[in-house]
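One structure below.
Just the heavy atoms: all of them, side chains too, but no hydrogens, waters or symmetry mates, feed the values below. Bear in mind the structure is a predicted one, so any value in this text is a computation, not a measurement. Just so we're on the same page: letters track the sequence lines, and every chain starts at 1.
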There are 2 protein chains.
Amino acid sequence: MDVEKIIRTSSPLPLRQRSVIHLVLVSNRIGEVVSQALKPYGVSSQQFNVLRILRGQKDSPANLNTLSERMVSRMSNTTRLVDKLLEKGYASRTVCPSNRRKVEIRLTEEGAEALREMDRAVNDAEARLMEQYTPTQLEQLNALLDLIH
Amino acid sequence: MDVEKIIRTSSPLPLRQRSVIHLVLVSNRIGEVVSQALKPYGVSSQQFNVLRILRGQKDSPANLNTLSERMVSRMSNTTRLVDKLLEKGYASRTVCPSNRRKVEIRLTEEGAEALREMDRAVNDAEARLMEQYTPTQLEQLNALLDLIH
DNA sequence: ATCATATATTTGTACATACAAATGTTGTCT
DNA sequence: AGACAACATTTGTATGTACAAATATATGAT
């Protein structure tokens with residue numbers, strides 16, 4: 001991305017500062033593209049993320065703790081996010097019988113079905129976004145990102 | 001960053017998908033580090049961004065349009081963000097006399113002073129975050145990020 | 001059994017973000 | 001001048017995010 005053009009700065013930025021801004025701009029762009037792809041299904045990218053985690057659980061239910069641990073962007077309020085998924089009929093929530101402090105959250109059949117379509121849409125969008133990259137470049141990018149602590 | 005560890009997934013992710021998640025994780029981490037550095041000054045990273053743009057204007061004031069154009073993350077509501085800066089005494093807002101539709105937003109002396117300290121704090125935090133990188137690696141990273149459209 | 005502590009979730013508050021609609025101002029066309 | 005479109009900002013609504021406090025349940029020590 002052309003950082004200087006996007007933030008309309010005339011003077012060139014110091015390399016490290018440019019990298020940091022660049023990373024944020026790219027991530028914002030990813031967010032944009034993904035939310036756009038998900039718009040037809042009425043879910044946010046965080047909600048999509050949760051649906052994928054639920055699917056990854058196979059038949060065992062997830063509790064809120066598990067969900068927030070596994071989410072890409074830690075949600076400080078997973079309760080309300082799950083509320084939205086319930087409203088849409090994509091997930092179910094029951095009190096865990098063995099430990100009544102916990103809740104059991106499951107993907108519904110409707111949720112699983114919608115998720116298959118979302119997956120396709122998001123995957124296509126990501127493919128378009130990243131089509132410039134050769135596999136080698138993707139390896140390099142990942143290796144460089146690994147350096148951040 | 002160790003993507004698989006952070007999102008606690010056992011199966012390795014496809015390279016492209018891993019890159020996308022990696023970029024988002026890194027950007028989230030940057031956001032965390034920057035907000036932490038700004039916490040003592042009571043401003044968000046977006047507010048900090050606006051303060052820097054105001055300084056870049058030298059003595060000519062900025063209007064809201066200019067601000068949202070130049071911000072790293074486009075704010076859909078720059079009005080309310082500037083409100084916060086007014087409350088803190090870091091910026092001033094007056095109606096533009098030549099075109100009463102516009103507003104003129106300026107950095108106050110107090111804002112300029114606080115900004116100098118914030119700059120130091122943020123710069124230090126970013127330096128710590130990116131200390132692993134050689135200049136060459138930063139170049140490579142920027143070049144790879146340039147590929148995104 | 002009771003109390004303190006730890007665990008799991010929910011609720012409250014403030015702020016941030018996205019999008020649409022409303023307001024006020026300016027310039028243009030007739 | 002009056003009507004109308006374009007411009008710049010503000011306001012409203014819904015949702016998302018961060019952090020702290022509140023609630024409910026379980027566990028362990030005495």
Comparing Gln36(A) with Arg93(A), nearest DNA chain C nucleotide closer to 5' gives the residue Arg93(A)
Do Arg70(A) and Gln57(A) meet the criterion of a side-chain donor-acceptor pair at a distance under 3.5 Å? yes
Between CD of Glu87(A) and C1' of dA14(D) the distance, given in whole Å, is 11 Å
Rounded to whole Å, CZ of Arg101(B) lies from C1' of dA8(D) at a distance of 7 Å
Heavy-atom nearest nucleotide on DNA chain C taken for Ser73(B) and for Lys102(A); more 5' hit belongs to Lys102(A)
Gln46(B) atom CD is separated from dA14(C) atom C1', nearest whole Å, by 16 Å
Q. Yes or no on side chain to side chain contact (heavy atoms under 4.5 Å, CB included) for Arg29(A) and Leu25(A), after CA distance, side-chain angles and deciding distance?
A. CA-CA 6 Å; Arg29(A) 177 89 187 104; Leu25(A) 288 175; over 6 Å; no
For Glu4(B), is there an ion pair with Arg18(B) - N to carboxylate O distance below 4.0 angstrom?
yes
| Under 3.5 Å, is there a donor-acceptor pair between the side chain of Thr108(A) and the main chain of Tyr90(A)? | yes
Comparing Val43(A) with Pro97(A), nearest DNA chain D nucleotide closer to 5' gives the residue Val43(A)
In whole angstroms, the gap separating P of dT23(D) from CG of Asn99(A) amounts to 20 Å
With no hydrogens and no angle check, is any side-chain donor or acceptor of Asn123(B) less than 3.5 Å from a backbone partner on Asp119(B)? no
Requested in this report: Report which part of the nucleic acid Thr78(B) touches: base, sugar-phosphate, or nothing (heavy-atom distance under 4.0 Å, all strands).
Outcome: nothing
Separation of dT10(C) atom C1' from Leu64(A) atom CG, nearest Å, is 9 Å
Under 4.0 Å, counting only non-hydrogen atoms across every strand here, what does Ser44(B) touch: a base, just sugar-phosphate, or nothing? sugar-phosphate
Using a 4.0 Å heavy-atom cut-off across all strands, classify Asn65(A) as base, sugar-phosphate, or nothing.
sugar-phosphate
Between CG of Asn28(A) and P of dA16(C) the distance, given in whole Å, is 15 Å
Taken to the nearest whole Å, CG/Asn77(A) to P/dT10(C) is 9 Å
Return yes if the base of dT25(D) and the side-chain atoms of Arg100(A) contain a donor-acceptor N/O pair under 3.5 Å, otherwise no. no
Rounded to whole Å, CG of Leu81(B) lies from P of dT17(C) at a distance of 8 Å
Check your understanding: Gln47(A) near the nucleic acid: base, sugar-phosphate alone, or nothing, with a heavy-atom cut-off under 4.0 Å?
Key -> sugar-phosphate
According to a strict under-4.0 Å criterion, is Lys39(B) in side-chain N/O contact with OP1 or OP2 of dC19(D)?
yes
Of dT10(D), dG16(D), dT10(C), the nucleotide closest to the side chain of Lys84(A) is dG16(D)
Counting any heavy atom closer than 4.0 Å, what does Arg80(A) reach on the DNA or RNA strands: base, sugar-phosphate only, or nothing?
-> base
